[in-house]
Every structure is written in structure tokens, then in C-alpha cells.
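Worksheet for the structure shown next.
Hydrogens, waters and symmetry mates are skipped; everything else that's a heavy atom, side chains included, is used. In what follows, chains carry the letters A, B, and so on, assigned in the order in which the sequence lines appear, proteins first and then strands, with residues in each chain numbered from 1.
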2 protein chains.
Amino acid sequence: MTIRDIANAVGVTPTTVSNVINGNYKKVSQKTIDKVQKVIKETGYIPNKNARALVKNSSKIIGVIFPKTIEGFMQNPFHSQILTGIEKVISAKEYYLMIKSIDTYEDMYQLMQNWSVDGFVILSLIGYQLPKLEKFKDVPVVFIDTYYEELKYINIGSEDYEGEYNAADYLLEMGHESIGFISYHIDYPSVISMRLNGFKDALKNKGIPFNHSNDVLEIEEINFDDAECSNRILDFVKNKTGICVSADILAIEIMEVLKDNGYSIPDDISIIGFDNVYLSKLVNPKLTTINQDIIEKGNIAAEKLINMIEKKNNKEPNIKIPTNLVIRDSVKKINQ
Amino acid sequence: MTIRDIANAVGVTPTTVSNVINGNYKKVSQKTIDKVQKVIKETGYIPNKNARALVKNSSKIIGVIFPKTIEGFMQNPFHSQILTGIEKVISAKEYYLMIKSIDTYEDMYQLMQNWSVDGFVILSLIGYQLPKLEKFKDVPVVFIDTYYEELKYINIGSEDYEGEYNAADYLLEMGHESIGFISYHIDYPSVISMRLNGFKDALKNKGIPFNHSNDVLEIEEINFDDAECSNRILDFVKNKTGICVSADILAIEIMEVLKDNGYSIPDDISIIGFDNVYLSKLVNPKLTTINQDIIEKGNIAAEKLINMIEKKNNKEPNIKIPTNLVIRDSVKKINQ
DNA sequence: CTGAAAGCGCTTACAG
DNA sequence: CTGAAAGCGCTTACAG
């Protein structure tokens, strides 16, 4: 069933049918509009989007790009919450959602040109991976959690520095004097490196010395069956009373390792996370953490992108989602 | 940049370029193939997929359909694990992934016809929602976790009946004699109703009476701040020593409610879940549950669908992923 | 207000 | 082995 079939059934031309479908009502008489809409309704005709995209060079498709991760695409609860936020807005605004997890930007160009994708949301990609950005010139892009000095595109981030500053400061205020920072591999600049900066400055402002090799532990992946992995953590923790972990998921796994090795939390060691994922209030002890509204982050990213697409507006400002401390049960007050 | 530009640059016609792009090598001399590929490489030309989809009436897009849920699209860890499995296969086979969460099937038809989607994976939809299936005749569809007698399409499910039978039987074997079943709203037939059947038959085979209104509790949604919700759970649990919960996520929330109300698990009450989501080994106590390989389920769904698309094969058999009991810390042995 | 015609960028018989 | 031509289903100036 094509636009021509409808035209024949009504007794008009495809031009006229196209005009009513596209709401160009000034060009068509009310009588014709009614007839055409009636037939469309009766037949259940749906226009072919490929044909339309071909001629308009625009598809109403929004591409969402995730980094390929070890544990797999959506296994990261942070990613799935972001996607929840994005999907909600995209579907409300009647766009389509195409998803791809990529290793390199080449894969993304393909997607872009292939389908005349109208815009992209790009998640958590490391700055130095960014290619010459000129290639994007024509397609609106919104980044999420990407730090990159030369980034010419809007980024939706969080108060990473401020949040981790507050996390460390809270530990300090609770009487901890020897605290450490644990994270996944640290790229520079990145969400994690900004959080580390916040951690360092909190120490500095309280006059506590910082020594990277003693106070920072990078972990690729927690493997519960790997003694070496556990040992690195146990070793790191030995002379400390509190730990800032750069992400809740990692914090929760570290708590598991510690508990499995006889540590009691927070009595033996205090832990504070970051993100406030859904999980963090379900674990034991409930995780004290830094909250950010992840779904809202997805919402904003999608809204800004659609703004850029529809208003041809490329000067949307960067946005930082606020963070705040959520006190639960994983940090203990130390008597000084 | 179009196929015509490439043709001009090489000094051939679009027909020839199209043939080398599509691998019709018998129709082109090696010399020409080389020249065309060289220019394509140099220019970074990527064919327009919309044009191709328009003429071939096929897009290499696979649509994945999720039910709209209260908590939001990807907030359900079960859904995100399925998607992880699907995405892996789809991207390995060089298909594209379009995602939509829907309320009704109408939305799905749109997607299908709009983009000439090659096939669908449809998740967790309730049988009675299914429309007259003839509409699908032309498009391969794979269902996941859909029970429907007249389902003419392949379904990838799990051993829901067997799994819950084993869960209940395990509780019984551990000496529990008064046990209940808690789930979200029960549709018939559905994953949950099949699990309930397994629960009932386990009781029956041990000669224990079953009374629906006393032994089954349906909950729409856990609201931690709603006293009425907590009270229903506390009430239900009062005269029981063990509970089978139809899904880990729900089991974990119920444990929270019980713990908040002074229950100690498993000492005061034993809980067993279903699904073995990632979370279940991170909560306290670690949840005893029925394992199913959710990612594998996604993999299989995508593989079967692509088989159907490429082999024009509609006779793929239904598949049931096996389940098995995973004993952790949320069930206590009772002395009789 | 309506229609004829060209064109979006491909693919595919068909002729040579 | 190569090319001319038609067509996929739309939209969009343009003429009337």
C-alpha cells in the first residue's frame, strides 16, 4: 500500500495526499482533507519512512552510542538508567531510537551516514578517542559524561569534582584521617579523573597529605575468584579507615570482597560510593553515596538534542547535574 | 557523496559500482573491482541505507519491543540483560537495532511498516494482548517469555514451571510446611502463572493443601513509604515460614520490607527468588534463587530470528532455557 | 486548491 | 564484463 493507492482511492494525486499527511492544510480544501484522512484510517496506511528519509535526508532516528564494555552493553546499571531517560523523551517526541555499542568512532560514522540519523547521544567516551570533530559538522551531537578540552559540542555531565570533594570531606568530618580512593582505570580527563581531583582537594584543604601510589587504587575488574585481585584490595585497605569509591557498582563489589575476608563494614572500614544507583540501598550495609539523578540526565540529553535538531540551534550550554550526599550505613564516625 | 560520484571518479556506471559493493564479483572484472574499491576506500563513501531499504524492501533493522513498565523501560535488570544478549548477536551479524517500548501493538505495526524492519523480538508481552497474528505474516517474529496457546511464532522461554516447582520443593525439603507465593500481578497464561503452577504442584505432590487466597499474594509495586503495602506483606507472611517469590527483584524488595520491620532472614522467614539476577548475590543475606541464563536467552532469540530472516525458515522450534537451583543464604533448614 | 514532473540514491532485470 | 533504463515510495518546487 503506497501513497498512490490512497490517491487513487480518493480520486486525487499523490501530491495532495502527501500534503494532508504532512499537515500542509493551507494547500488542501477541508473537504479533500477529510476524504483523504478517512481512507487512510480505513486502510491503515502507514507511509514508508525510508522513502521519506531518502528525499528529506533526515530520518527522525536518534542514534545512541555506548562504549563496548567488558561486562556487556547494558549490564552496567548506570547505562541502563541513562537509556531509560533517553528513551522516554525520544518516544514522547516521536523519534526513533537506534542503539549501537562501539569500539571506535568509525562504527559511528557508518550509522550516521547509513540511515541519515538526525542526531546522536554519545555516552561516556574518553576524550582522546574523539576523532577530528569536523566530520560531525552536519549532525547534532550531545555528549554525556565526556570531558574533552576541545569538545565543541554540548556535554551533559555531573558535579563530579564537587561530589567527590564532598564525599571525601564527609569521611574527613567523620574523623577519618587515612582515606583512599578506588576506581576503575583512570583516563585523563574523564569522569573518574575529575572525581579524583575532588578527592585530592578535599584532603588538601584539610591539610592531609596525598600520595598517589599509596592512596589511589585502580582496578580493571573485580574477579571474585581471583585471589590476587582480593589481595590488592586488602593490601590497599590495610592502613586506612575509609575509602571513597568512584562508582557504586564497584563500591558494592569491594564491600563483598572485604566482607568475605572478615571485614565488618563500617566497623572495620568505612566506604562511600558515587552515583546512588538503585542497588545501593538494597545492599548490606546500605551504601552511603553521592546521589545524581541519572534518569534525569538521560532526559536532558535527549531534550537538548531534539532542541538542536528542530531549532537548528548549536549553542546549547553545557549542563552539570547537581550531586548531593546521601547518608546511609556504610560510614562510621570515628572518635578522635 | 553518492554511488554516482564513485562511478564518475572511476569511470564506470553506478550499476558496476553497485555490483562491487554488493559482492557480485562474477559480474565485474578484477581490475574494475580493484579500482572501485580503491576509490571507495579513499573517499570513505558509505552507501545510503534508506535508498537501499526502499528498493529492497528490507532494512537489516531488527526491532526489539519492550512492554512499557511503571518503573521505566530499562530499569528492570531482567530486561537489560536480555537486551545485552540481543545486542551482542545483532551487532556481530551486522544488523541494526531499533528499540521501542510500547503500550499496544499498534505502535509496533508502525515501526514495522515504517522502516521495513526485517524482524522483531518481542519481550514479555501478555498473550491476550496479542492481536490477530495474520498481520505479521510477512515479518519474522521471535517472542521471549510469552505464553499464548494460539501462538504461531517461536517463543524463547524458560523452565518456569519446573524452576518454581524446584524452588517450592526445596523449601519443603528444608522442613518448611507453611509456605506462600508472592508475585506481581498474575496474568493467565504468563510466566508468572506458570511459575505459580509449579509452586502448586510441588505442594500437591507432598500432600500439602493449597488455598489461593491464603497462599498467594499479588503486589503491583513495592512502595517503601506506603504502610499499607508493608502491612499486606507482613500480614501475608505472619503464619508462614517460607516464601517463594516469582522474581529476584521483587524478592529483594520484600526482604527489605521484612528487615525494616524487624524480621531476620532466614531465621524468622526463608525466601527464595527466581532469575538469579546479578543483584541477588550482592544483597544481604545472599539470595537463594532459581538460575536462568538471561543473556543466553537474548543471544538465542537474536540468533533464531536472524536464521528465520536469512533462511526464510519459519519452523524453528520453541526453546526452553533450563533452570537450576542456586543455594545461598536466604533459606534456613527447619528442624521437624 | 490541485496536479504533472523531477528527483532523493540506490538495485535489478535486460540488452549488448 | 559493462551500461542504459526503470522503479522503489515518497516530497517539493512549479504551473495552472
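Side-chain contact between B/Ile6 and B/Met1: present, with at least one pair of heavy atoms (C-beta onward) separated by less than 4.5 Å. Between B/Tyr96 and B/Lys49 there is a side-chain heavy-atom pair separated by less than 4.5 Å.
With B/Tyr147 as the partner, the side-chain hydrogen bond (donor to acceptor under 3.5 Å, both in side chains) test is satisfied by one option alone out of B/Asn155, B/Asp160, B/Asp187: B/Asp160.
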Task: Heavy-atom protein contacts under 4.0 Å, nucleotides 8-14 of chain C, coded B base, S sugar-phosphate only, - none - done: BBBSBB-
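The number of heavy atoms from other shown groups lying within 6.0 Å of NZ (B/Lys38) does not exceed 12.
With a 3.5 Å limit on both pairing distances and Watson-Crick or G-U wobble geometry required, the stems of 3 or more pairs in DNA chain C span C:1-3 with D:14-16, C:5-12 with D:5-12, C:14-16 with D:1-3.
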TODO: Start with the C-alpha distance between A/Glu303 and A/Asn299, add both sets of side-chain angles, then the distance that settles side-chain hydrogen bond (donor to acceptor under 3.5 Å, both in side chains), and finish with yes or no.
DONE: CA-CA 6 Å; A/Glu303 277 161 12; A/Asn299 289 338; 5.7 Å; no
Open item on the list: Show, in sequence, the C-alpha distance, side-chain angles and deciding distance for B/Val89 and B/Tyr95, and conclude whether the side chain to side chain contact (heavy atoms under 4.5 Å, CB included) test is met.
Closed with: CA-CA 9 Å; B/Val89 172; B/Tyr95 279 74; over 6 Å; no
TODO: Take A/Ile99 and B/Val64 through the test side chain to side chain contact (heavy atoms under 4.5 Å, CB included) and record every step on the way to the result.
DONE: CA-CA 11 Å; A/Ile99 285 184; B/Val64 179; over 6 Å; no
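Annotation: salt bridge (charged side-chain N to carboxylate O under 4.0 Å, His left out) contacts involving residues 11-33 of chain A, sequence neighbours excluded, are absent.
Contact annotation: B/Thr16 side-chain N/O to D/dG3 OP1/OP2 distance is under 4.0 Å. Of the side-chain N and O atoms in A/Thr13, none sit less than 4.0 angstrom from OP1 or OP2 of C/dA4.
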